[in-house]
Amino acid sequence: MWKRYCLVTRIEEALEWLAKEKEKARVIAGATDLILEMERGGRKDVETLIDISRVSALDTISLDEDGWIHLGPLVTHNQCATSPLLYDRAYPLARACWEVGSPQIRNRGTVAGNLITASPANDTITPLMALGAVLTLRSQRGERRVPLKEFYTGVRRTVLAPDEMLVDIAFPAMRSSQKGTFVKYALRKAQAISVVNLAVLLDFDEQNIIQSAQVTLGSVAPTIVHARSAEEYLTGKVLIPEVIREAAERCMGDAKPISDIRGSAQFRKKITGVIAKRALQAIAGGNEREGMPRVPITLSIRKMNSSLSESIVFEEHSAPPIICKVNGEERVFHSGHHKTLLRLLREDGLLIGTKEGCAEGECGACTIILDGMAVMSCMVPAPRAHGAEIVTVEGLAQGETLHPVQKAFVEAGAVQCGYCTPGFLVSAAMLLKEKSKPTRGEIVQAFSGNLCRCTGYYKIVEAVEKAVEKGG
């Protein structure tokens, strides 16, 4: 899928490759979007992938002395969803990140990558636009700061130059006088692209009069847009039912959607009004944070990626071996650097327990543990495994002793056709590492990225509950 894969350890090296390869190169961290496009035969112009996931100190979330929050380019959606700082001072973003994909996707996918993909349906752009985010872009030519509202030029088009990379996302932290939220309408509860999404940020005075309003809409125009007439109308008002109804109507008028496979333009307009009303009613009632867990399940026990002592380049015809630890044993792969990690494990590693279901991060059958995080191996480039620690379904048992969740699956009869079972087992094992006594709701959260086409969910959840009861 690529001719050259560069695992770099310093930003300067990434910039050197970008300056050299320009349009033929792409910087990746999670690669959750790009790898799917390349798997489907797209992006034939991209020959070099520059993996920055092993560059240290790029996955931080911080608050500076001026009251601005900064996100590094490796900050993942799960990091945002579980950040106390973002929950308290940038709630619309935390909520949006929690609603992206599944735990496995959120462990790899980054906010920076979501912004650069530039789809008008991407969830994190909408709240960051409302929060007034500014991006720092860097190349060997220097740095420049670009307001997010000026970053997009059209559908999947940005002002990012071929030799630039995004190194910082910054925005003012919400003040105590501000309230905000994010609402998404999709065709299912998880693993779904937005039909429409909306972010609201309101600043109130002591009499609860709105001093300023930011209302941004996603998936209703070529780029994320402000609902300008709604913003102007809300300013100077109190959130009473009549005001909420009128503002929701104005949001519908501000939306200029198209019809596509997820919904017609007329339907999108109507839903825009519906979710705008929901968001404003929630803020008025002080319950805008309901529905999101204070500490979401992430299927992760480690924040940092495994480090490398030096950069390494995998060329098309002269690739060094991929050396990693799989199920506690060192493995050396002399081939497969051009594949996904799923296919490397199955075809070169002969570990066929990990299944390929959808090959696009939808079903969870390929779930493995990579450096302490559950991930979809079909969306991980194989060279990312170099220097990493991996656990597959074959590594759950200790010799002849089954893992507690494996025993529970047998006892509960939580297997039908069995194809999805390896992914469920790995997710369940990771859940019990993260939280020894999860609630039923948390078990369901953990499985939001795993699909069972036989509809065996009741028995699967029951099996995990049995494992918990026995001290799994």
Side-chain angles (χ1 to χ4, degrees), residues 36 39 101-105 107 188-192 297 299 326-329 331 339-370 373-380 382 385 390-434 438 440 442-472:
L36 291 185
E39 273 272 271
S102 65
Q104 296 98 315
I105 299 298
N107 277 334
R188 59 190 187 201
K189 291 183 178 179
Q191 287 281 70
I297 294 299
L299 298 185
V326 182
N327 298 329
E329 297 182 2
R331 297 291 299 267
K339 302 178 179 180
T340 62
L341 182 52
L342 167 64
R343 289 175 182 162
L344 179 77
L345 293 170
R346 287 182 57 82
E347 298 167 6
D348 299 72
L350 302 181
L351 292 165
I352 59 174
T354 305
K355 304 302 183 186
E356 179 174 334
C358 63
E360 56 184 28
E362 291 282 345
C363 72
C366 69
T367 300
I368 63 167
I369 300 170
L370 174 69
M373 301 181 296
V375 302
M376 307 285 198
S377 58
C378 72
M379 302 179 75
V380 181
I390 296 168
V391 178
T392 69
V393 67
E394 290 91 344
L396 296 183
Q398 299 296 317
E400 297 298 318
T401 304
L402 294 178
H403 188 282
V405 294
Q406 292 175 309
K407 291 180 183 178
F409 266 59
V410 173
E411 294 169 3
V415 177
Q416 291 192 47
C417 82
Y419 198 86
C420 69
T421 303
F424 273 98
L425 288 171
V426 174
S427 292
M430 195 66 232
L431 170 64
L432 297 188
K433 278 193 173 186
E434 180 182 358
R440 186 179 185 86
E442 289 171 331
I443 294 170
V444 172
Q445 277 185 56
F447 287 150
S448 61
N450 294 83
L451 299 182
C452 173
R453 292 195 174 98
C454 302
T455 66
Y457 296 108
Y458 288 106
K459 287 295 185 181
I460 291 169
V461 172
E462 178 188 327
V464 179
E465 291 176 324
K466 283 181 177 291
V468 171
E469 288 172 9
K470 295 182 179 181

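Throughout, numbering of the chain's residues begins at 1 and tracks the sequence. Just so you know, these numbers use all the heavy atoms, side chains as well, and skip hydrogens, waters and symmetry mates. As the structure is a computational prediction, the values presented were derived from the model and not from experiment.
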Undergrad: Please report the closest heavy-atom contact between A385 and L341, naming both atoms and the distance.
TA: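 Result for this residue pair: CB-CD1, 3.8 Å.
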Undergrad: Using 0.5 Å steps for rounding, measure from the NZ atom of K189 to the CD atom of Q445.
TA: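 Spacing of NZ (K189) from CD (Q445) equals 12.0 Å.
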Undergrad: At their closest point, which heavy atom of L451 faces which heavy atom of C420, and how far apart are they?
TA: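 For L451 and C420, the tightest heavy-atom pair comes out as O-CB, 3.3 Å.
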Undergrad: Can you name the nearest heavy-atom pair linking S102 to G449, along with the distance?
TA: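 Shortest heavy-atom contact: CB-CA, 3.3 Å.
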Undergrad: First locate atom CD of E362, then atom CE of M379, and finally report the distance between them rounded to the nearest 0.5 Å.
TA: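 One gets 8.5 Å once the value is rounded to the nearest 0.5 Å.
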Undergrad: Can you confirm whether K339 is buried at NZ, in the sense that more than 12 heavy atoms of other residues, nucleotides or ligands lie under 6.0 Å from that atom?
TA: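 Above 12, so yes.
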Undergrad: Tell me whether E465 is salt-bridged to K459, with the criterion being a basic N under 4.0 Å from an acidic carboxylate O.
TA: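 Salt bridge between E465 and K459, a charged N being under 4.0 Å from a carboxylate O: no.
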Undergrad: Would you say Y457 and V444 make side-chain contact, with heavy atoms under 4.5 Å?
TA: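 Not touching, per the 4.5 Å side-chain cut-off.
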Undergrad: Looking only at the aromatic ring of each residue, does the gap between the centers of F447 and F424 stay below 6.0 angstrom?
TA: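 Centroid distance F424-F447: below 6.0 Å, so yes.
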Undergrad: For the pair L344 and T340, evaluate side-chain contact (heavy atoms from CB on, under 4.5 Å) and give the outcome as yes or no after the intermediate values.
TA: CA-CA 6 Å; L344 179 77; T340 62; over 6 Å; no
Undergrad: Evaluate the criterion side-chain contact (heavy atoms from CB on, under 4.5 Å) for residue pair K470 and E411; output intermediate values, then yes/no.
TA: CA-CA 12 Å; K470 295 182 179 181; E411 294 169 3; 2.7 Å; yes
Undergrad: Is the backbone N or O of C366 less than 3.5 Å from a side-chain atom of S377, with the two atoms forming a donor-acceptor pair by type?
TA: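 Yes, because the side chain of S377 sits within donor-acceptor range (under 3.5 Å) of the backbone of C366.
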Undergrad: Is there a side-chain contact between V393 and L396 in this structure, where contact means two heavy atoms from C-beta onward sitting under 4.5 Å apart?
TA: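 When only atoms from C-beta onward are counted, L396 and V393 do touch, with a gap below 4.5 Å.
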Undergrad: Which pair of heavy atoms, one from S448 and one from Q191, lies closest together, and at what distance?
TA: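 Heavy-atom minimum between the residues: O-CG, 3.6 Å.
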Undergrad: Could you give the distance from CE (M376) to CD1 (I105), rounded to the nearest 0.5 Å?
TA: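 Answer rounded to 0.5 Å: 4.5 Å.
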Undergrad: Yes or no on side-chain contact (heavy atoms from CB on, under 4.5 Å) for K355 and R346, after CA distance, side-chain angles and deciding distance?
TA: CA-CA 8 Å; K355 304 302 183 186; R346 287 182 57 82; 4.0 Å; yes
Undergrad: Hey, does the side chain of Q104 reach the backbone of A374 with a donor-acceptor pair shorter than 3.5 angstrom?
TA: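 Looks like no, no N/O pair under 3.5 Å.
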Undergrad: Find the distance between CD1 (I297) and CE (M430) and round it off to the nearest 0.5 Å.
TA: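 So the CD1 of I297 and the CE of M430 are separated by 10.5 Å.
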Undergrad: Test your reading of the model: is there a side-chain donor-acceptor pair from E394 to the backbone of G353, 3.5 Å cut-off?
TA: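 Pair found, side chain donor or acceptor close to backbone of G353.
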Undergrad: Might you point out which heavy atoms bring P404 and A467 nearest each other, and give the distance in Å?
TA: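 Nearest heavy atoms, P404 then A467: O-CB, 4.0 Å.
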Undergrad: Rounded to the nearest 0.5 Å, what's the gap from CG on L425 to CG on N450? Could you check?
TA: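 Atom-to-atom, L425:CG and N450:CG are 9.5 Å apart.
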Undergrad: Out of the candidates V375, I390, L342, only one should pair with V380 under the side-chain contact (heavy atoms from CB on, under 4.5 Å) rule; please name it.
TA: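 With V380 as partner, side-chain contact (heavy atoms from CB on, under 4.5 Å) holds for just one option, V375.
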Undergrad: Report the distance from atom CG of L351 to atom OG1 of T392, rounding to the nearest 0.5 Å.
TA: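 Spacing of CG (L351) from OG1 (T392) equals 5.0 Å.
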Undergrad: Under a 3.5 Å distance rule, please check whether E329 uses its side chain to pair with a backbone N or O of V326 as donor and acceptor.
TA: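 Absent.
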Undergrad: If I compare all heavy atoms of G456 with all of Q416, which pair ends up nearest, and what's the gap?
TA: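 Taking every non-hydrogen atom into account, CA-NE2, 3.4 Å.
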Undergrad: Can a donor-acceptor pair be found, under 3.5 Å and without considering hydrogens, that links the side chain of E442 to the backbone of L431?
TA: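 Judged by distance alone, no pair lies under 3.5 Å.
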